[in-house]
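The structure appears right after this line, and notes come after that.
From a predicted model like this one, the values you see are computed outputs, not experimental measurements. Numbers restart at 1 for each chain; the letters A, B, ... are given by sequence-line order, proteins then strands.
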Number of protein chains: 2
Amino acid sequence: MGRGKIVIERIANSTSRQVTFAKRRKGLIKKAKELAILCDAQVGLVIFSSTGKLYEYASTSGFKRHSGCGCVR
Amino acid sequence: MGRGKIVIERIANSTSRQVTFAKRRKGLIKKAKELAILCDAQVGLVIFSSTGKLYEYASTSGFKRHSGCGCVR
DNA sequence: ACGACTATCTATAAACC
DNA sequence: TGGTTTATAGATAGTCG
């Protein structure tokens with residue numbers, strides 16, 4: 001899906017791994033949103049980068065962090 | 001992305017909405033897996049269909065349902 | 001390290017069975 | 001209603017500034 005074909009395995013080069021992460025994370029969240037809207041579904045998505053950064057998406061208020069244990073419902 | 005272009009809004013026809021849901025859900029989970037592997041990330045994905053069915057994916061054992069409240073960590 | 005660009009690959013809408 | 005095919009839209013790998 002791009003200039004060259006790639007194998008699905010951990011990208012060795014740290015820089016290109018980060019670049020790919022940023023691109024694909026954005027694409028994944030976009031598709032999650034589209035699924036929620038097109039199909040009237042509820043979608044929750046949580047992504048931690050290898051450096052520990054959190055990225056998340058939730059389609060509706062049906063998913064809420066509830067106080068006390070910090071979990072996602 | 002297909003024979004015709006589509007607008008991102010709730011699909012009116014119930015049958016084609018279900019068909020699209022099945023296709024896109026599969027695609028979304030595939031991409032979530034790829035992101036996890038390629039970029040060494042941890043990914044959690046929860047999808048409820050409009051009929052209330054649950055579909056989920058978690059890239060690592062870092063995400064676990066813990067007993068007691070049934071939440072996802 | 002970060003945006004654009006674009007050639008190319010992949011996902012998928014529609015058609016068909 | 002569920003699987004298969006195909007043409008095309010959309011995502012993105014590699015490149016350049």
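- Judged by distance alone, the side chain of A:Arg17 and the main-chain N or O of B:Leu38 form no donor-acceptor pair under 3.5 Å.
- When the side chains of ILVMFWY residues are joined at heavy-atom separations under 4.5 Å, either directly or via intervening members, B:Phe21 and A:Leu45 end up in a single hydrophobic cluster.
- Each of B:Val19, B:Thr20, B:Ile6 was evaluated against B:Ile11; a single residue qualifies, B:Thr20, per the side chain to side chain contact (heavy atoms under 4.5 Å, CB included) test.
- Cluster membership for B:Leu28 and B:Met1, using ILVMFWY side-chain heavy atoms within less than 4.5 angstrom, is not shared.
- At a threshold of 4.0 angstrom between heavy atoms, the contacts of A:Thr15 are confined to the sugar-phosphate backbone, with no base atom among them.
- On the nucleic acid side, DNA chain C contacts chain A at distances under 4.0 Å to non-hydrogen atoms, with the end points of that region at C:dA1 to C:dT12.
- If you chain together hydrophobic residues whose side chains sit under 4.5 Å apart, A:Val43 and A:Ile37 never meet in one group.
- Partners of B:Ser49 by side-chain hydrogen bond (donor to acceptor under 3.5 Å, both in side chains), not counting sequence neighbours, listed by chain and number: B:Thr51.
- Cluster membership for B:Leu35 and A:Tyr57, using ILVMFWY side-chain heavy atoms within less than 4.5 angstrom, is shared.
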Using a cut-off of 4.0 Å between protein heavy atoms and nucleotide atoms, how would you tag nucleotides 11-17 of chain D 5' to 3' with B, S and -?
BBBB---
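- Looking at every heavy atom in both residues, B:Ala36 comes nearest to B:Ser59 through CB-CB, 3.6 Å.
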